[in-house]
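Data first, discussion second: the structure below is written as structure tokens.
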Amino acid sequence: APRQRMDLHALGPGPVFGEAVADIFGACPPMLSLLDAVVAMEGPGPTRGRPRQVGYLAASWDAVALDATAQALAGFGPQEIATTTAAAAAGYGCADLTHVELVGDDPEAFRVRLRRPPALPARMPRWLGALGRRLVYVRPQMDRRRCTACGRCQAACPAGCVRLEGFARIDHQRCLECFCCMEACPEEAISPRRSLVARLL
């Protein structure tokens with residue numbers, strides 16, 4: 001349900017959100033999982049990325065193994081995708097590719113390096129503290145010229161930090177940086193804004 005989805009985003013980004021998604025998966029694991037990577041998306045998802053032709057289709061009884069294989073082929077390391085890591089830790093499948101048997105076409109023929117979405121560094125030096133939080137960020141920014149104040153971003157925001165004042169304003173002090181607002185915007189008026197330090201990192 002939309003409300004539950006918003007509540008999950010409110011848990012925060014990274015491992016905590018990954019564990020929540022893994023718990024949902026564990027409540028009713030699928031019998032068979034299909035992967036459609038004929039055309040992938042790279043960059044700032046879920047709606048603003050760039051299509052990338054890959055041409056890969058796969059299926060598995062083990063959804064975690066399927067995800068682990070896909071993320072490796074896309075250039076991500078074993079611990080980089082929080083949902084895969086959490087699902088494997090919970091025992092919902094195998095993410096260790098040394099124990100995964102692949103059949104069919106050689107997957108190496110489909111290996112690509114997808115451009116990463118903007119994101120904060122997984123680990124920051126402790127001494128940065130609150131200062132680091134102010135200097136290193138990826139936040140949604142509003143293009144006032146495109147915004148029609150339709151209110152969809154406000155309805156989608158799990159933190160309730162969007163208000164309408166002729167156009168949508170985002171309270172960055174309370175923003176979870178989940179980008180639900182960007183996904184909901186029909187005018188593409190919201191885009192990721194990376195701080196200078198985040199771009200350098």
Side-chain angles (χ1 to χ4, degrees), residues 1-25 36-37 39-54 71 74-76 80-83 86 112-125 128-201:
R3 179 69 255 174
Q4 290 175 314
R5 181 172 179 271
M6 292 165 68
D7 289 343
L8 285 172
H9 275 90
L11 294 173
V16 175
F17 182 72
E19 289 173 9
V21 173
D23 286 344
I24 295 171
F25 169 84
D36 177 359
V39 178
M41 183 177 69
E42 62 181 359
T47 60
R48 304 291 296 280
R50 183 170 69 96
R52 180 80 178 271
Q53 196 72 30
V54 178
Q71 73 186 49
F76 291 89
E80 284 193 76
I81 307 299
T83 49
V112 295
R113 187 164 188 84
L114 298 180
R115 186 163 60 91
R116 309 289 179 101
L120 289 171
R123 296 179 181 174
M124 288 171 40
L128 284 176
L131 175 63
R133 182 63 179 168
R134 290 196 296 270
L135 294 177
V136 186
Y137 60 80
V138 182
R139 295 173 180 162
Q141 72 174 358
M142 182 67 60
D143 184 342
R144 299 182 185 182
R145 297 166 300 176
R146 286 178 172 265
C147 180
T148 61
C150 68
R152 293 188 186 181
C153 57
Q154 186 181 48
C157 178
C161 64
V162 179
R163 65 183 189 275
L164 301 179
E165 298 179 352
F167 62 89
R169 283 183 177 272
I170 301 171
D171 181 353
H172 291 295
Q173 295 299 316
R174 296 190 294 121
C175 178
L176 300 172
E177 297 166 7
C178 66
F179 291 91
C180 288
C181 56
M182 187 178 79
E183 182 180 357
C185 180
E187 306 298 333
E188 296 190 353
I190 304 172
S191 60
R193 178 188 176 192
R194 301 185 58 156
S195 68
L196 175 61
V197 178
R199 291 197 298 270
L200 293 174
L201 290 172

Identify all side-chain donor-acceptor contacts of residues 155-162 below 3.5 Å with residues at least two apart in sequence or on another chain.
none

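- Qualifying side-chain hydrogen bond (donor to acceptor under 3.5 Å, both in side chains) partners for Glu187, counting only residues two or more places apart in sequence or in other chains: none.
- Contact record, Pro192 with Met182: CD-SD, 3.7 Å, taken as the closest heavy-atom pair.
- Gln71 is linked by a side-chain contact (heavy atoms from CB on, under 4.5 Å) to Phe76, Ile81, Thr84, counting only residues two or more places apart in sequence or in another chain.
- Here the side chains of Arg144 and Arg169 are in contact, with some heavy-atom distance below 4.5 Å.
- What you find for Pro51 and Val39 is that their closest heavy atoms are CB-CG1, 4.0 Å.
- Contact between Val112 and Arg52 at its shortest, heavy atoms only, is CB-NH2, 4.1 Å.
- Closest approach of Arg193 to Gln141, counting heavy atoms only: CD-OE1, 3.3 Å.
- Between Ser191 atom OG and Met142 atom CE the span is 9.0 Å, to the nearest 0.5 Å.
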message = For Glu19 and Phe17: C-alpha separation, side-chain torsions, deciding distance, then whether side chain to side chain contact (heavy atoms under 4.5 Å, CB included) applies.
response = CA-CA 5 Å; Glu19 289 173 9; Phe17 182 72; over 6 Å; no
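- By the 4.5 Å heavy-atom criterion applied to side chains, Arg139 and Cys175 are not counted as neighbours.
- Scanning all heavy atoms of the two residues, the minimum distance from Ile190 to Cys185 falls at CD1-CB, 4.2 Å.
- Not one N or O on the side chain of Glu42 forms a donor-acceptor pair closer than 3.5 Å with the backbone of Leu114.
- In this structure, Glu80 and Gly75 approach most closely via the heavy-atom pair OE2-O, 4.3 Å.
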